[in-house]
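Beneath this line is the structure, given in structure tokens, with notes to follow.
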Amino acid sequence: MTLYLVRRFAAGILLLLALSMLVFFLLRLAPGDPISSYIDPMASMTEADMERLRQSLGLDQPLPFQYVYWLGEALSGDLGRSLQRNGQPVLDLLSTSIGPSMLLMLTGSTLAIIFGVIIGIVGAVRRDGPVDLTLAALSSLGVSSPAFLTSLVGLYVFSGVLQWAPAGGMQDPGMPFTVSGLLKHLALPALILAFGQTALIARYMRSSLLEVLHQDYIRTARAKGVPGRMVILKHAVRNALLPVVTLIGSTLGLAVGGAIFIESVFNWPGMGLLMVTAVEARDYPLIMGGTLMVGAWVILANIMTDVAYAFIDPRIKVG
Amino acid sequence: MTVARFLPDMKSPTGRALRRFVGNPSAMLGLALMVAFLLVMFIYPAVSAIGPNSIDLLAINKPPSLAHWLGTDGVGRDVFARLLEGGRVSLLVALTSSVASLVIGFAVGAVAGLGGRFADAGAMRAVDVAMTLPPVILLLVLASITGPGIGPTILVISLLSWPVLSRLVRSRLLELGQRDFVVASRGMGAGLGSLIRRHALPNTIDILVVFVTLQVANAILLEAGLSFLGLGVPPPDASWGNMLFAARSTTVLTNYPWQWMFPGLALVVVVLAINFIGDGLRDAFDPRSEGG
Amino acid sequence: MRFKHFMTAALMAGIAYGAGMADAVAQDAPTRLVGGFDVGPGGFPNNVNPLLATTGYMALTLAYEPLVIYDEKIEKVIGRLADSFEIAPDGLTYTFKLSPEAKWHDGEAFTSKDVAFTLDLARNNASGSVYVARLATITDVATPDDRTVVLTLSQPNSSLLDTLTKLMMLPEHKLASIPADTLARNEYWITEPVGTGAFRFKQYSPNQFIEYEAFADYRRGKPKIDQLVNRYFKTPAAAVAALKAGEIAVSYVEADDVTNFQSDDAFRVIEGKSQVVNYLGFNFAAKIWDDQRVRAAVMYALDRKTIVEQLYGGKATVANCGYTAERLVPSDLEAYDYNPDKARELLKEAGWDQINGAKPISVLTYYNNDQSNNVVAAMQAMLAQVGINIAPRVADMAGYNAVIYAKPIDPSQFQLVYAGLTNGPNPGNLNIGLNGAQIPPNGSNYTRVDIPAVSEAFNAGLKQTTAEGMDKSYRDVCSAMNKELPWATLWETKRYGVESVKLKNMNWQPAPGGGPYEMHQETWELEGN
């Protein structure tokens, strides 16, 4: 197990390294002089000053050297400074926005997993019944509705028309922090994030359960006279959940994509909003840092999935 | 199902697949919706005098009426005309980028599958890296480099969508590589090029057809998402994404819902229709996945 | 299972983050005012350094004070940190008597040394100050005693007092040890800044809010508001939603939203002249606007009258030069009435096809609301009719500044700007954007207008020492602008604010750049809180 983990993490780190290389070289293709990302536009600087800075940053060196320099700085915890927002260190900006993002994504994904599994079970048990068909239609809709559209509709209905939910943000700013205030702001974006993912998980759970229900040991159990409901809950669901676990990993990865839109519609102070504003402002140091952070998150989510999978492997449990 | 009866009884695999496809009600529904939409999209501009970009400051923010079926936007442009124009732009972006990623994905997959161990390892590591990031993030990074525009949007989406296809093509070809005839043709000195033409292409055509269909839907969503963030198709060109962009303002969202609801609806319906067609094609090529 | 543990831990981390953000817990119900002081075109969200302020003065004057300030009606300059001031008849010597009770938020006394220090910093390019060129006529700053400051000028400067209203006094004892060239984005501004104003900095959360508390030792009396939060919004529309929800008590609002509040008893609507002229600024560094006929074509191509009537609902005045005030507008101006044919003709004569043709022209703007999005879309359609294709890009104030002041300058990023500049109460305010002497790094003429006739007209205006002389000079500026078209001048709009009826004594006004003007921050009250 330990060896497996070490191997997995080593591969993850290599992947992250490759990713940083890719993004670094891509961003150097961007128009404009890279030196400008190190200069405060408000600070005064002569041509000679700029040339000195260019040399001290190694920007006059060939690209691979620049990458190594950047990597060295990054490894020592310096991802550079943002070009906007008072030149704050990129790492600070990232670390303040990662909490809200995690909160949103984990809440959304947890809801999606719960709903998805339940819906999937109902769909499989009552196969082709009215519930199944409705769910199938809804899940088709879920897959085809982009997060930004569902966010807009959600905002329109629940915040605009019904006035149930606040129009955005993470808490009432300046008000003392309360858990209820946070939940009030969290509910709508998290549900919308869950909506798109529920469809995927439900589909997967349904087909996985159907497959299991056709397998021999279930038939045997049934033949032995175990009541149908028990069979489904005790044996089938547990085994059907197995492949679904792999999906959860990619769901956590996918959540990042959806969260970008949801965060920007709901003004949720997370990574997505940060990335979008960084891209709008062409804030390359922040784009670079944010991309790496998201990449690390996705890689980690995949490793976690694999580990979880190894833990609940039926060959260990069903003995 | 009734249509299927009129088809010639073809014994070839393609023929059987076609019969299954035609017999699939949701695929047929998707096809019908798409055809209807395409017809309206191309016929309407020919018969209507209202252009998608012509402003009318004397008729701004008007709700749907006989003169403007879906109302007007903040500078008096006709929402229906823009919606159809947006459809043309979205489909143009989606089709072009899907074909481009088809070519890249197939080429990489074919080289990996047929080109030997080193080519395989290299290509697959590239795929791994490209698949690490959620597409939207990579999309953002690329868009920040290229800037907005129809051309860059196509480029960005094409560069992003091929890895899945490469994996599919590769695994099919690895399966195939074991077969005697490929070994035989290699032995007879056939080059990589002719292997791809003679064996890879015909044996993966089903994967390619399904991929390109589903990818069109996917690309429409990516384009809309990018434009929604203001990084895709820039105004005055219409696209469903940048029409939805307007709804990021509360006033438009709550007071002028026709300006964003109809493009949103069009987006969902078209994506749904294409997904139906794509799923139908997949089921038709691979009957095992049916009802799965 | 480790997976589960991780999920729990991550969830807890998220919640802990939220809890950490608000360490202020209500004790005996202090009065807490949350407002949007940096909303709309007069705001500058996230700007915490007064030396970089081009707008956003309303928020800055919460914690800082200038020597002198505009009065309650934004007409006349009166003393603030200076109890009194005197200008010699020749206009070359300014003497300020400082308030003896003024204190910094950390308890240190405010003295003439701080004034001298601030003026030195503001005239030093290295600090990033945007006031360098505006203060260039000052040759000497003398401090005969702790309460007296004497400025000596090389030539009369009718805009100096106006500039001094915008210059917030900074503490020498805090800043002297920080090298000027690292000051622009220094941590100091968001960790321990001190001012002399009614409210003391407490904490800053990027893009979210900045929080203050009452300064108990404020010389004009302890503020009645105990805690004050200036909340940031991405768009004015978001601020309007917060206003309606009762989350904030005051904000700038867009004209479109005014009707929603007029019928609501819980709010007061305030209307005022913006004193800001909107324009399309030709970036002369882009080298496509050098021919005056091209610039005139832009003017003829735009149907400004219809835009004002329809998109602004008539709440704006078409501007044919930088001014709309009657006393500053000569009667013989060219009106540039909508005439696309003439525009096409002028473009053809100028050889537009060779200069740029159909290539997209980047337009940068910081106006980010429905109304201006629509205005831009309308201008885009109108200009396209005559063969000028513009590609607008909206940035926030910080992003806008990053582009226009980028080093090295990249004119392809902003071949045009859609912006506004204060044209009142002192008409000399336009100087900073139009005088050749104000081209960066000296000033904020970032579109690099260098038209001798315009620069000379401004120079003459700045040297005037009487009101009549100023008016006459600025009429000349108006004529030169109308003829040479350094900008395609558009209009001057009305602007609006909305405040909760619970809010008392604020005297909110749509001041250009947000002020600064006398708001008596210490007297603000919030009922039923």
Side-chain angles (χ1 to χ4, degrees), chain B residues 50-62 71-79 81-82 85-86 143-153 226-239 242-260, chain C residues 233-245 253-260 302-314 338 359-363 368-385 389-396 399 410 412-413:
Chain B
I50 311 174
N53 290 339
S54 55
I55 61 170
D56 180 1
L57 294 185
L58 301 177
I60 57 174
N61 296 324
K62 292 271 179 284
T72 62
D73 71 2
V75 284
R77 290 178 295 207
D78 185 65
V79 172
R82 280 185 82 67
E85 173 68 14
S144 76
I145 297 164
T146 59
I150 293 185
T153 307
L226 213 49
S227 302
F228 176 75
L229 295 174
L231 300 164
V233 176
D237 288 322
S239 96
N242 71 24
M243 293 177 82
L244 286 166
F245 178 80
R248 290 179 75 183
S249 105
T250 331
T251 321
V252 172
L253 184 77
T254 49
N255 298 357
Y256 316 124
W258 60 87
Q259 291 179 11
W260 61 272
Chain C
F233 295 92
K234 224 178 159 211
T235 62
V240 164
L243 201 56
K244 278 185 191 149
V253 303
E254 298 295 335
D256 287 352
D257 292 314
V258 168
T259 42
N260 291 334
L302 297 174
D303 188 354
R304 296 175 295 159
K305 218 171 126 235
T306 308
I307 292 180
V308 164
E309 276 164 15
Q310 295 300 318
L311 297 183
Y312 286 105
Y338 179 53
K359 276 184 284 178
I361 292 169
S362 57
V363 183
N368 185 13
N369 58 64
D370 303 343
Q371 197 174 42
S372 54
N373 287 345
N374 287 334
V375 167
V376 169
M379 292 198 289
Q380 188 175 36
M382 289 167 178
L383 288 170
Q385 275 186 2
N389 294 314
I390 62 170
R393 175 176 158 213
V394 180
D396 60 8
D410 184 359
S412 69
Q413 296 292 312

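Here is how names work: the chains are called A, B, and so on, in the same order as the sequence lines, proteins then strands, and each is numbered from 1.
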Checking heavy atoms, do the side chain of [X], its backbone, both or neither come under 4.5 Å from chain C?
X         : value
Leu253(B) : neither
Pro234(B) : neither
Leu57(B)  : both

Those residues that, when tested against Arg248(B), pass salt bridge (charged side-chain N to carboxylate O under 4.0 Å, His left out) (two or more places apart):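 Salt bridge (charged side-chain N to carboxylate O under 4.0 Å, His left out) check on Arg248(B) returns nothing, list empty.
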
Quick one: does Asn53(B)'s side chain get under 4.5 Å of Arg82(B)'s, heavy atoms only?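 Yes. Closest side-chain heavy atoms under 4.5 Å.
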
Can Leu226(B) and Thr153(B) be said to form a side chain to side chain contact (heavy atoms under 4.5 Å, CB included), step by step? CA-CA 8 Å; Leu226(B) 213 49; Thr153(B) 307; 4.0 Å; yes

Roughly how far, to the nearest 0.5 Å, is the CG atom of Asp73(B) from the CD1 atom of Ile55(B)?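 It comes to 9.5 Å.
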
Solution key, residues 375-383 of chain C side-chain donor-acceptor pairs under 3.5 Å, sequence neighbours excluded:
residue, atom, partner, partner atom, Å
Gln380(C), NE2, Pro235(B), O, 3.1
Gln380(C), NE2, Ile390(C), O, 2.8

Only pairs of heavy atoms separated by less than 4.5 Å count here; which of Thr254(B), Asn255(B), Val75(B), Val252(B) has the most with chain C?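 Answer, by heavy-atom pair count under 4.5 Å with chain C: Val75(B).
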
Please identify, among Thr306(C), Asn373(C), Asn389(C), the residue contributing the most non-hydrogen atom pairs under 4.5 Å to chain B.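 So the answer, after comparing Thr306(C), Asn373(C), Asn389(C), is Thr306(C).
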
